[in-house]
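What follows is a single structure, written as structure tokens, with notes after it.
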Amino acid sequence: MRKPRPATYNPVQALHLIATDRNGSPLSCPTCSGKIERTPMDVPPTVSCHVTLRCTGCGRIARYVAGAA
């Protein structure tokens, strides 16, 4: 039996969240309008740091590598 995957945003929503985060604008979930929790909290994040954006309401996640293109 496979391990269940966490809920993720569709690609368009994920790209929008990532672009908004890189600009330093306030984040809200495009699905449920919930608060987005960012890990790590460093702004701006260090180069090559893995950043995770997770909605506290619906639990959806988006991940990206800071400093990448």
Side-chain angles (χ1 to χ4, degrees):
M1 188 173 206
R2 290 191 310 165
K3 189 175 176 182
R5 288 189 214 158
T8 57
Y9 293 103
N10 70 42
V12 174
Q13 291 173 328
L15 288 174
H16 176 69
L17 268 178
I18 292 166
T20 305
D21 185 55
R22 285 183 173 170
N23 291 335
S25 301
L27 301 173
S28 67
C29 178
T31 305
C32 72
S33 300
K35 182 180 173 192
I36 298 290
E37 188 176 80
R38 185 177 190 278
T39 308
M41 297 297 288
D42 303 338
V43 176
T46 57
V47 177
S48 299
C49 174
H50 291 266
V51 178
T52 301
L53 306 172
R54 188 179 77 78
C55 176
T56 56
C58 65
R60 292 180 186 265
I61 61 170
R63 293 183 178 124
Y64 71 96
V65 177

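One is the number of the first residue; the rest follow in order along the sequence.
You'll find the side chain of Arg22 reaches within 4.5 Å of the side chain of Tyr64, heavy atoms only. For the pair Thr39/Arg54, no side-chain contact is recorded, criterion being any heavy-atom separation below 4.5 Å from C-beta on.
Under the side-chain contact (heavy atoms from CB on, under 4.5 Å) rule, Cys55 has a single partner from Thr31, Ile36, Ile61, which is Ile36.
Of all the heavy atoms in Ala66 and Val51, the pair that sits closest is CB-CG2, 4.1 Å. Residues Pro30 and Tyr9 share a closest heavy-atom pair of CD-CE2, 3.7 Å.
Using a distance-only test at 3.5 Å, with no hydrogens or angles considered, a donor-acceptor pair links the side chain of Arg38 to the main chain of Pro40. Using a distance-only test at 3.5 Å, with no hydrogens or angles considered, a donor-acceptor pair links the side chain of Arg60 to the main chain of Thr8.
Note that CG of Asp21 is 5.0 Å distant from CG of Leu53, once rounded to the nearest 0.5 Å. Separating the OG1 atom in Thr20 from the NE2 atom in His16 is a distance of 4.0 Å, to the nearest 0.5 Å.
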